[in-house]
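Report on the following structure.
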Amino acid sequence: MPTFDIVSEINMPEVTNAVDQANKELKNRFDFKGVDAHFKLEKETVLLRAPEEFQLQQMYDILMGKAVKRGLDIEFFKPEDVQKNLAEAKQVILLRNGIDKEAAKKISRYIKDAKLKVQVSIQGDQLRVNGKKRDDLQSVISLLKEKQWGLPLEYQNFRD
């Protein structure tokens with residue numbers, strides 16, 4: 001029985017490269033000369049630090065530009081609110097990895113409402129789609145590509 005998995009996984013080595021390139025650009029930019037501003041990659045977040053709040057927006061734009069050049073989808077990055085005090089401003093950007101339960105239920109319901117002859121099961125942070133025919137699975141992929149889900153979907157482990 002043909003199957004495939006629907007996943008949403010971020011490429012962490014490319015995120016590391018994007019953060020490193022963004023830090024290098026900060027050191028070379030004229031408007032950031034002599035300013036203590038930097039990016040810091042932690043497990044599931046990127047931390048932006050700068051003296052002023054408007055500089056954080058510039059840093060975010062730099063990071064998104066580097067991420068796009070590295071082939072990363074910007075929907076993986078979810079910026080949190082800016083935290084500021086007298087000395088500095090900082091912002092946390094969450095790296096979304098996997099499909100959360102709410103989104104998985106929406107995707108599953110959408111596929112079931114389309115009346116295709118497939119079964120969808122939620123397996124942790126991914127979905128598995130089973131069908132009798134390969135054409136049914138391909139129609140599920142095309143159906144999902146038509147709609148924006150708020151997170152990038154990838155289709156893996158296509159088996160006959």
Side-chain angles (χ1 to χ4, degrees), residues 1-23 25 38-50 53 55-84 89-160:
M1 180 178 272
T3 65
F4 74 92
D5 296 332
I6 303 170
V7 297
S8 179
E9 295 176 349
I10 192 166
N11 188 347
M12 286 306 289
E14 291 297 334
V15 172
T16 304
N17 291 339
V19 170
D20 291 343
Q21 288 179 351
N23 271 323
E25 184 172 330
H38 62 275
F39 298 93
K40 184 177 181 186
L41 177 64
E42 295 170 354
K43 290 183 181 180
E44 296 292 320
T45 61
V46 178
L47 179 65
L48 285 66
R49 288 184 183 259
E53 185 177 351
Q55 292 171 328
L56 288 178
Q57 183 58 43
Q58 293 173 338
M59 291 173 65
Y60 180 76
D61 292 340
I62 291 169
L63 180 63
M64 292 301 104
K66 297 300 180 185
V68 168
K69 285 182 181 177
R70 303 294 308 174
L72 296 170
D73 195 329
I74 61 172
E75 290 179 340
F76 281 120
F77 299 90
K78 181 181 178 193
E80 295 287 307
D81 292 334
V82 173
Q83 302 166 359
K84 58 183 176 178
K90 60 184 176 180
Q91 183 176 21
V92 174
I93 299 175
L94 298 176
L95 301 174
R96 296 169 32 178
N97 204 5
I99 302 173
D100 60 347
K101 285 190 176 196
E102 183 179 317
K105 287 179 183 179
K106 284 181 184 178
I107 293 169
S108 177
R109 174 60 45 207
Y110 186 72
I111 293 171
K112 289 178 182 177
D113 289 345
K115 305 287 187 203
L116 297 171
K117 295 181 181 179
V118 295
Q119 293 84 35
V120 181
S121 60
I122 300 172
Q123 298 180 340
D125 59 352
Q126 67 182 18
L127 287 100
R128 169 136 317 148
V129 181
N130 299 322
K132 291 184 179 178
K133 297 180 184 175
R134 171 185 263 187
D135 293 339
D136 294 336
L137 298 182
Q138 290 173 341
S139 61
V140 169
I141 292 173
S142 63
L143 179 74
L144 292 176
K145 285 184 178 181
E146 292 174 0
K147 187 174 178 184
Q148 288 289 339
W149 294 101
L151 69 157
L153 298 179
E154 299 170 2
Y155 311 98
Q156 298 179 344
N157 298 334
F158 197 95
R159 297 185 182 147
D160 278 331

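Positions are given from 1 along the sequence.
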Quick one: [atom1] on [X] to [atom2] on [Y], what's the gap to the nearest 0.5 Å?
X: L47; Y: L41; atom1: CG; atom2: CG; result: 10.0 Å
X: Q148; Y: L153; atom1: CD; atom2: CG; result: 9.5 Å
X: T3; Y: L137; atom1: OG1; atom2: CG; result: 7.5 Å
X: K78; Y: L95; atom1: NZ; atom2: CG; result: 12.0 Å
X: R49; Y: K90; atom1: CZ; atom2: NZ; result: 4.5 Å
X: M12; Y: F76; atom1: CE; atom2: CZ; result: 11.0 Å

Pair listing, ring pair (Phe, Tyr, Trp, His ring centres under 6.0 Å) test, anchored in residues 119-145, at least two apart: none
Of all residues at least two apart in sequence or in a different chain, which pass the side-chain hydrogen bond (donor to acceptor under 3.5 Å, both in side chains) check with [X]?
X: E53; answer: K84
X: N157; answer: D5
X: T16; answer: none
X: K69; answer: none

Can you give the donor-acceptor pairs under 3.5 Å from side chains of residues 55-64 to other protein atoms, not counting sequence neighbours?
unit_1, atom_1, unit_2, atom_2, d
Q55, OE1, E52, N, 3.2
Q57, NE2, D61, OD1, 3.2

Quick one: salt bridge (charged side-chain N to carboxylate O under 4.0 Å, His left out) partners of [X], sequence neighbours excluded?
X: E146; answer: none
X: D81; answer: none
X: E80; answer: none
X: E14; answer: R70

Of all pairs that satisfy salt bridge (Lys or Arg N to Asp or Glu O under 4.0 Å), the ones with a partner from residues 130-145, not counting sequence neighbours: R134-D160
Search all heavy atoms of [X] against all heavy atoms of [Y] and return the closest pair with its distance.
X: S8; Y: I99; value: CB-CG1, 3.8 Å
X: E44; Y: N97; value: OE1-CB, 4.1 Å
X: E154; Y: E9; value: OE2-O, 3.4 Å
X: P2; Y: G131; value: CD-O, 3.0 Å

Residues, nucleotides or ligands: over 12 heavy atoms within 6.0 Å of Q156 CD: yes
Check against side chain to side chain contact (heavy atoms under 4.5 Å, CB included), L72 and F77: CA-CA 9 Å; L72 296 170; F77 299 90; 4.2 Å; yes
Would you list the atom pairs, donor with acceptor, under 3.5 Å between side chains in residues 102-127 and any protein atom, with sequence neighbours excluded?
none

